[in-house]
Amino acid sequence: MPFRFDRFAKQAFDAVSDAAGSSASTLQQAVSGHKHGHKHKKKHHKEERRAPPPTKEETAAVLEELIQDEPVVRFRAITTGRFLRTHNLEERPESQRVDGTGGKGRKPYMKLTGDSRYEVNLQSKKTGLYLHLSPDGARPSVGAEPSPVYIDANDDGTVSLLVPGGKYCLAVPGMGAASMVESDGSRKTRFIMMLGDDELKLADDDSVEPPSYADDEMDEEELMEEFGTMIELPVEDQRQRALELNAEQRNRWHEYLSVELRNKADRKRHRHTKRGDLGLPVDEDKFQADIQGLEQACNTILCAAVDPSVPEPELPDFESSDDGMDDDEWEAQMESIARLKDEAAAAAKAEAAEALRLAEEQRLAAEAKLAEMQAQQAILQQQAEEAMAAAAEAAAQKEAEAEAAEEEAEEDAGSGSEIEDEDSLEKLVDVPAPTPAMGDNPDFNAEETVRGLYKAFKGIGCDRKAVCKLLLTISNKQRLEVKIAYKATYGKDLMAQIKSELGGNFKKLVVAAIREPAVFDAKTLRHAMKGLGTSEYVLLEVICTRSVAQLAAIKETYERLFDRDLEKDVMSETSGSVKRLLVSLLAGGRSQSTEVDHEKAKKEAGLLRQNVALWGRDESVLNQILCVRSPVQIRATLKEYETFTGQDLCVKLKRNLGSKLGTAYMTIIGCARNPARFFAEQIFKAFAGLGMDEEKIIRIFVSRSEVDMGTIAELYPAFAETSLKDEIHSEAKSDFRRGLNALAGIE
């Protein structure tokens, strides 16, 4: 169907209409004469004088006053006469777009809200969705959340829609989706702003509307129908028919032709782009030549409207196809492609369901394998206990070993003061209930947090205080909800946004905090083993302080993230006694019992006494006791050892074992005795010296904030003779200090 030009057409043609003079005849007479084989006399009328258009300042003032009333408006493009329209997401989410196809029967009303024309929200009355203009120049869209729009006033009483800041402007073609263009270019679209069903009085009607044809015998609708008939005629017949029009009607005919040419060009661009997106063959040279020809023809027509001496150009066949198929065939092909996409999506969904089913089967198989391994571990544990019992019996029968034991006991009695060594851990006491520094925030709201983060990231720079408050004062579970909600709302990955907006130790702290605990530990272990050299102390810190359940989750996550087996990587990157100890812990054989076997504690205290000597020790006995027994059983054994020898076991371990192996055993003992005190001491050591160990500080604060960081802060003065708050204030700077205080629950 040919384009039906509305009386609110492009204002630029007003000048052409004014130049026509007052000697024009009515279009009705010319058309009637053509239809019936004779010509009617031309009728003259006075040229109407138009009111001058309002200034830019007057238009802006009316806009500012209007916005306060939150009106319902429409936007009509002066180049096409059609309305700005936002498509409903519920109708077809994959086809959501903004275009200028609103017309007869589709008059999209929008509610305008805001405090100033520089930041308003345009919400569709029909769908409730908001117009979104991309600040980076991407294609405009619609969404459920408000998005600011800048309404700019033009000199002729029209308006344009820009992004806040004014860099990009909305451009609406005759067909196809809208786009964003440079606001200082020539492609931006000017709109007549309509209030309800009436035109908004930003200017006198005559300053924007073409001249009225009320005095002619042919009304506007009949004139447009006549133009629709004329455009289907051969070029010579079109020219002959145009000569029968009065001057004013000929100018409208030129307007009509120029708009049809622009619409033809838009259709070509739309189909050309669509074919490229769908991977169909395109002839780029022919496309560029056709577009150039249409633009040149449009310019020539405009010149001919002003100067009759300019010959009118050859016009294209407006009913011909742009790519070898008519509109019905094109729509059928688009529907076929959409159907294929839907089928592909359904197939992908079925594949995903099948993948989930296979993953569930693999999980069940892994659980069965784990149960089998635990059963084998129990058998091995029983065999090891029997072997230790036999070794203890044999040791008791050896007089030489008994004499050596007496000498060692005397030596230990003389050096009992070493228990008070500054690096020794706390004497065995009942472990107090841990106090976390934070938990689930009762005031947490995912949507508000997401909006706050978006606002903090927006513009130049980043509001780091807001990021700290929004992300580091909520629990890890709530942070994971925020990650999902942020991506669903803005289509951006929160982790990538944080990495691009933040820097330094504060960025490392926030990145670590928004990861799941198992993911954070798995990445820490991989980083420690990747590249040249291995940070064995990091491996010891993580593996020796995690529970059986935590280690199982870390192993599964490590394999999922890196497609590697954690135990095999540890075995390849470590050696000797340290390797055997770490593998023993990763096997997950530690008892979870909360009951104490006092007889076993006494027996194993004796075995410890025999196997912590400088020479002749059996490290498998140490592994069996410290890597397999439950924390409460280890505490009981340490109590018996202290009663028997009068000395702390850690003193002997530090003196007789290597630094790495001794550190590993003392870490296990420290966590078994009192985890909060152990980590308080580790924080003190990380802060001590010329420079703090930022990586260790981050690991401890992130992993213990929801476990026992409150208790750690209470115990810290026993090591540093100052509070944890003062220590952080002294050692950490700016945003990093603020983040550590948030995780430690320090205001």
Side-chain angles (χ1 to χ4, degrees), residues 89-90 93 96 113-114 119 121 123-124 127-136 141-148 164 352 356 436-459 461-502 506-523 553 557 560-561 698 701-707 709-710 735 738-747:
L89 282 170
E90 295 178 357
Q96 60 163 301
T113 58
E119 269 195 23
N121 298 311
Q123 182 183 24
S124 171
T127 66
L129 303 174
Y130 290 88
L131 174 66
H132 285 198
L133 300 186
S134 175
D136 55 5
S141 62
V142 295
E145 296 294 331
S147 181
L356 288 174
M438 66 168 58
D440 288 341
N441 192 327
D443 299 326
F444 171 72
N445 184 296
E447 294 182 357
E448 292 181 0
T449 303
V450 164
R451 286 195 294 269
L453 288 172
Y454 182 78
K455 183 178 180 181
F457 294 142
K458 187 178 179 182
C462 175
D463 188 349
R464 294 175 176 81
K465 290 183 180 180
V467 173
C468 179
K469 181 178 180 181
L470 292 169
L471 287 179
L472 300 185
T473 59
I474 59 177
S475 66
N476 183 264
K477 181 182 72 174
Q478 291 171 334
R479 294 185 199 115
L480 299 181
E481 292 181 29
V482 171
K483 286 176 63 178
I484 297 172
Y486 192 89
K487 191 165 189 177
T489 303
Y490 299 108
K492 297 181 179 180
D493 182 64
L494 180 58
M495 181 72 75
Q497 193 83 11
I498 288 172
K499 289 181 179 179
S500 67
E501 295 288 344
L502 304 181
F506 183 58
K507 178 179 76 172
K508 296 178 183 178
L509 183 67
V510 176
V511 167
I514 66 172
R515 283 180 170 144
E516 299 176 58
V519 173
F520 174 61
D521 286 340
K523 286 182 174 288
T557 304
R560 173 169 55 83
L561 292 178
I698 292 172
F701 274 71
V702 169
S703 63
R704 309 306 295 187
S705 62
E706 297 180 45
V707 182
M709 183 55 76
D735 300 315
R738 190 179 298 111
L740 293 179
N741 283 333
L743 291 178
I746 299 173
E747 297 183 358

What pairs of donor and acceptor atoms, side-chain ones from residues 436-444 against any protein atom, are under 3.5 angstrom apart with sequence neighbours left out?
| unit_1 | atom_1 | unit_2 | atom_2 | d |
| --- | --- | --- | --- | --- |
| D440 | OD1 | S475 | OG | 2.4 |
| D440 | OD2 | K477 | NZ | 3.3 |
| N441 | OD1 | D443 | N | 2.9 |
| N441 | ND2 | T473 | O | 3.3 |

Residues 446-456, side-chain donor-acceptor partners within the protein, below 3.5 Å, at least two apart:
| unit_1 | atom_1 | unit_2 | atom_2 | d |
| --- | --- | --- | --- | --- |
| T449 | OG1 | N445 | O | 2.9 |

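Residues Y486 and Q497 are in side-chain contact: their nearest non-hydrogen atoms beyond the backbone lie under 4.5 Å apart. With contacts defined as side-chain heavy-atom distances shorter than 4.5 Å, the pair F457/I498 qualifies. Taking 4.5 Å as the limit, some side-chain heavy atom of V482 sits within range of a side-chain heavy atom of I474. When side chains are defined from C-beta on, K508 does not count as touching V511, because their heavy atoms never get closer than 4.5 Å.
For the pair G461 and E501, the tightest heavy-atom approach, listed with the atom from each and the gap, is O-OE1, 3.7 Å. The two residues L502 and K507 have their closest heavy-atom pair at O-CD, 3.4 Å. Residues R464 and D735 share a closest heavy-atom pair of CD-OD2, 2.8 Å. F701 approaches A744 most closely through the heavy-atom pair CE2-CB, 3.9 Å. When every heavy atom of L480 is checked against every heavy atom of I514, the shortest pair comes out as CD2-O, 3.6 Å. Closest approach of F506 to G739, counting heavy atoms only: CE1-CA, 4.4 Å.
Atom CG of L133 and atom OG of S141 lie 8.5 Å apart (nearest 0.5 Å). Here the CG atom belonging to L129 is positioned 11.0 Å from the CD atom belonging to E145, to the nearest 0.5 angstrom. To the nearest 0.5 Å, atom CG of residue L740 and atom CD1 of residue I698 are 7.5 Å apart. Separating the OG atom in S147 from the CD atom in Q123 is a distance of 12.5 Å, to the nearest 0.5 Å. With rounding to the nearest 0.5 angstrom, the CE atom of M709 is 7.0 Å from the OG atom of S703.
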Under the criterion side chain to side chain contact (heavy atoms under 4.5 Å, CB included), I'd like the reasoning laid out for L743 against L509: C-alpha separation, chi angles, the key distance, then a yes or no.
CA-CA 10 Å; L743 291 178; L509 183 67; 3.6 Å; yes
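With hydrogens and angles disregarded, no donor-acceptor distance shorter than 3.5 Å links the side chain of N121 to the backbone of G114. The closest donor-acceptor contact from the side chain of N476 to the backbone of A513 lies under 3.5 Å. One N or O on the side chain of R479 and one on the backbone of L471 form a donor-acceptor pair closer than 3.5 Å.
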